[in-house]
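Report on the structure given below.
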Amino acid sequence: MIGVKDNSGTWALIFDSDALSNNPNESYTRFPEITGGFLQHGDTTGVLFSPGTMTDGMPFAPAFVVEQVIVSGSGTIDTPGGTSQLSVDVLRPL
């Protein structure tokens, strides 16, 4: 399970990756782009991932460009079904 909270602590997104995990070497994407439901990348195109671009390889509109993602947290998950608290900062170009 992957979740994202906004600045107020409200869940903005919850994604159950276990339901789609039949290929651990494939990324997940939203279809349609940005707003649609999650599915495995290969279900929308012939490639298994498209980092930094839309599934067809085209760049996102400037409003969706991310300059840097900083993930911080401590500890490790060493038990099946374990959890870890992470913090993520997404930086966009000015």
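As the structure is a prediction and not an experimental result, all values here were calculated from the model.
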- Task: To the nearest 0.5 Å, tell me how far Thr44 OG1 sits from Arg30 CZ.
- Result: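 Answer for the OG1-CZ pair, Thr44 versus Arg30, is 13.5 Å.
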- Task: Supply the atom-to-atom distance Phe49 CZ to Thr29 OG1, rounded to the nearest 0.5 angstrom.
- Result: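 Here the rounded value is 13.0 Å.
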- Item | Which atom of Gly42 lies closest to which atom of Leu48, heavy atoms considered |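 Heavy-atom minimum between the residues: CA-CD2, 4.5 Å.
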Is there side-chain contact between [X] and [Y], with at least one heavy-atom pair below 4.5 Å?
{"X": "Val88", "Y": "Val4", "value": "no"}
{"X": "Ser84", "Y": "Ile77", "value": "yes"}
{"X": "Thr45", "Y": "Asp56", "value": "no"}

- CZ of Phe38: more than 12 outside heavy atoms within 6.0 angstrom?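 Counting neighbours around CZ of Phe38, more than 12 heavy atoms of other residues, nucleotides or ligands fall under 6.0 Å, so yes.
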- Query: Transitively linked via ILVMFWY side-chain contacts under 4.5 Å: Val69 with Leu86?
  - Reply: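 Yes; tracing contacts between hydrophobic side chains, which count when under 4.5 Å, links both residues.
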- Just by distance, do the side chain of Glu33 and the backbone of Thr55 share a donor-acceptor pair under 3.5 Å?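 The answer is yes, because a donor-acceptor pair under 3.5 Å joins these two groups.
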- Message: When you measure from the side chain of Gln40 to the backbone of Tyr28, do you find a donor-acceptor pair of N or O atoms at a distance under 3.5 Å?
- Response: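 Side chain of Gln40 to backbone of Tyr28, a donor-acceptor pair under 3.5 Å: no, none is there.
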- Should His41 and Ser50 be marked as a side-chain hydrogen bond (donor to acceptor under 3.5 Å, both in side chains) after you check the CA-CA gap, both sets of side-chain angles, and the distance that decides it? CA-CA 8 Å; His41 199 286; Ser50 58; 2.8 Å; yes
